Asks: 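Handing you a structure now.
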Amino acid sequence: MVEHGYEIKRGKYISVKAEGQKNYLRLRSLGNGYTDDDIVRRIAGELVVDTGASKVSDDVSDSVALSDSEKNLDLVLDIQNIIAKQKGPGYERWAKVHNVKAVSKTLLYLSEHGLKDFDDLSAKATEARDRFSYISSRQKEIETRMAEIKSLRQHIFNYSKSQDVFAQYKASGYSKEFFEAHRDVLLLRNAAKEAFKKVDGKLPSVKALDEEFQKLLQEKKELYAEYKPAKERMQELLMAKQNVERFLNLQEMQEQDFAKKKYNPSL
């Protein structure tokens with residue numbers, strides 16, 4: 001663990017801390033099989049741990065097949081046994097593809113956050129992903145609406161400022177000479193009228209637009225403050241879920257390897 005960047009603190013119980021982790025994690029909090037003596041015996045392959053969720057034995061055929069809804073993260077805590085033994089083609093295939101250090105960090109993350117049920121982990125990962133997706137899409141909606149408000153507000157001002165000029169233009173019998181002399185103002189008025197046609201219902205007042213703009217601005221600030229933590233939470237949970245699924249796949253590969261050897265000892 002030291003070679004992989006972990007800090008070790010020894011006292012009555014061993015505590016570990018991964019790089020970037022704030023607090024030490026006491027190994028005994030992971031459940032059965034994590035005292036000093038138990039760890040030594042597990043590395044040596046002399047101790048098989050019952051986590052309470054299922055009994056893990058060297059005879060994989062005796063293990064209970066679990067449905068997705070029954071899988072418990074307590075099973076994943078036994079990954080240290082598999083990594084330490086480094087036996088079987090199942091482990092070898094898995095270790096070539098996946099980073100053992102990353103999985104170890106995932107186990108610490110799950111323990112720190114009290115995530116012991118696979119369904120709970122999946123639900124929280126989905127919830128975090130949906131929340132981040134909402135924040136991202138809502139920010140875009142707010143920015144779009146704020147731009148619309150700014151544009152509409154400007155059209156209202158342009159239309160209001162053109163009233164006197166338009167009255168004179170009308171009095172001139174819509175003279176081409178008058179239009180050319182006041183082209184900019186009259187074109188802005190026409191653009192404002194076109195913009196007003198796209199507004200559903202009654203044209204809002206400048207005051208109402210200002211109030212809406214301020215509310216959107218406040219919501220934007222709140223979402224901005226939440227954006228980075230929400231993104232980090234989503235990434236952590238999705239990575240934890242992915243690593244747990246990889247471990248469960250390793251368990252399945254080991255069962256398959258054992259079954260092959262059982263029925264074909266020459267393998």
Side-chain angles (χ1 to χ4, degrees), residues 20 68-69 71 106 109-110 112-115 117-245:
D68 288 341
S69 62
K71 290 174 181 176
T106 291
Y109 175 84
L110 297 173
E112 284 183 331
H113 293 81
L115 294 168
D117 181 79
F118 184 79
D119 287 344
D120 186 33
L121 172 62
S122 297
K124 282 183 168 55
T126 299
E127 179 185 346
R129 182 189 59 200
D130 291 345
R131 180 58 186 172
F132 179 74
S133 177
Y134 168 78
I135 291 173
S136 300
S137 61
R138 181 56 183 160
Q139 283 180 325
K140 293 178 182 178
E141 291 174 356
I142 290 174
E143 290 171 358
T144 299
R145 180 54 185 162
M146 289 175 72
E148 291 174 350
I149 291 175
K150 287 182 179 180
S151 178
L152 183 56
R153 192 173 182 275
Q154 188 60 54
H155 281 309
I156 293 174
F157 278 122
N158 291 340
Y159 186 85
S160 178
K161 290 192 299 183
S162 71
Q163 291 291 63
D164 291 341
V165 173
F166 182 76
Q168 295 173 31
Y169 176 51
K170 184 177 180 181
S172 72
Y174 301 103
S175 166
K176 291 183 179 180
E177 291 77 8
F178 188 92
F179 179 85
E180 290 299 330
H182 302 84
R183 170 184 285 272
D184 291 345
V185 175
L186 293 174
L187 287 179
L188 287 174
R189 176 186 174 86
N190 291 338
K193 290 178 67 176
E194 290 300 317
F196 297 161
K197 292 178 182 179
K198 298 177 183 179
V199 177
D200 294 331
K202 185 179 178 181
L203 185 68
S205 65
V206 172
K207 180 181 179 181
L209 289 174
D210 287 343
E211 290 176 353
E212 182 183 357
F213 188 91
Q214 290 303 317
K215 289 181 180 179
L216 290 171
L217 182 61
Q218 179 61 33
E219 184 180 358
K220 182 181 178 180
K221 290 179 180 179
E222 293 172 357
L223 290 175
Y224 180 80
E226 187 181 354
Y227 181 87
K228 185 176 180 180
K231 183 178 181 180
E232 291 177 349
R233 174 175 169 76
M234 175 192 70
Q235 291 174 333
E236 290 172 346
L237 285 167
L238 289 178
M239 181 58 68
K241 180 175 179 289
Q242 184 181 66
N243 283 336
V244 169
E245 288 173 338

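The model shown is predicted, which means the values in this text are computed figures rather than measured ones. Basis for what follows: all heavy atoms, side chains included, without hydrogens, waters or symmetry-related copies.
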Asks: Atom CD of E177 and atom OG of S172: how far apart are they, to the nearest 0.5 Å?
Replies: 8.5 Å
Asks: State, with a plain yes or no, whether a side-chain heavy atom of F213 is found less than 4.5 Å away from one of K150.
Replies: yes
Asks: Side chain to side chain contact (heavy atoms under 4.5 Å, CB included) between Q163 and R189: does it pass, once the steps are laid out?
Replies: CA-CA 9 Å; Q163 291 291 63; R189 176 186 174 86; 2.7 Å; yes
Asks: What is the minimum heavy-atom distance between A230 and F132, and which atoms define it?
Replies: C-CD1, 4.1 Å
Asks: Going by distance alone, is a donor N or O of one side chain under 3.5 Å from an acceptor N or O of the other, for Q218 and E222?
Replies: yes
Asks: Mind running side chain to side chain contact (heavy atoms under 4.5 Å, CB included) on E127 and L237 for me, showing each step along the way?
Replies: CA-CA 10 Å; E127 179 185 346; L237 285 167; over 6 Å; no
Asks: How long is the span from the NZ atom in K231 to the CD atom in E226, to the nearest 0.5 Å?
Replies: 14.5 Å
Asks: Short question: side chain of T126, backbone of S122 - any donor-acceptor pair under 3.5 Å?
Replies: yes
Asks: If I take atom CD from residue Q242 and atom CD from residue Q235, how far apart are they, to the nearest 0.5 angstrom?
Replies: 12.0 Å
Asks: Which heavy atom of F179 sits nearest to which heavy atom of L187, and what is that distance?
Replies: CZ-CD2, 4.1 Å
Asks: With the threshold set at 4.0 Å, does a side-chain nitrogen-carboxylate oxygen contact exist between R233 and E236?
Replies: no
Asks: Is the backbone of K140 close enough, under 3.5 Å, to the side chain of T144 for a donor and an acceptor to pair up by distance?
Replies: yes
Asks: Q168: which residues meet the side chain to side chain donor-acceptor pair (under 3.5 Å) condition with it, sequence neighbours left out?
Replies: none
Asks: Give the minimum heavy-atom separation between M234 and A128, together with the two atoms involved.
Replies: CA-CB, 3.8 Å
Asks: Looking only at non-hydrogen atoms, find the nearest pair between S175 and Y169 and report the distance.
Replies: O-CE1, 3.4 Å
Asks: Which pair of non-hydrogen atoms, one from Y109 and one from A240, has the smallest distance, and what is that distance?
Replies: CD2-CB, 4.2 Å
Asks: Quick check for you: to the nearest 0.5 Å, what is the distance between R131 atom CZ and Y134 atom OH?
Replies: 6.0 Å
Asks: When rounded to the nearest 0.5 angstrom, what distance separates CE in M146 from CG in L216?
Replies: 6.5 Å
Asks: Is a donor on one side and an acceptor on the other found under 3.5 Å between the side chain of S151 and the backbone of E148?
Replies: no
Asks: Charged N to carboxylate O under 4.0 angstrom, E194 versus K197?
Replies: yes
Asks: Considering residues at least two apart in sequence or located in another chain, which fulfil the side chain to side chain donor-acceptor pair (under 3.5 Å) criterion with D120?
Replies: K124
Asks: Once rounded to the nearest 0.5 Å, what's the spacing between atom CG of L203 and atom CG of L152?
Replies: 5.5 Å
Asks: Looking at K215 and E212, is there a salt bridge between them, counting it only when a charged N and a carboxylate O are closer than 4.0 Å?
Replies: no
Asks: Does S160 use its side chain to pair, donor to acceptor, with the backbone of I156 at less than 3.5 Å?
Replies: no
Asks: Is any side-chain heavy atom of F178 less than 4.5 Å from a side-chain heavy atom of V165?
Replies: yes
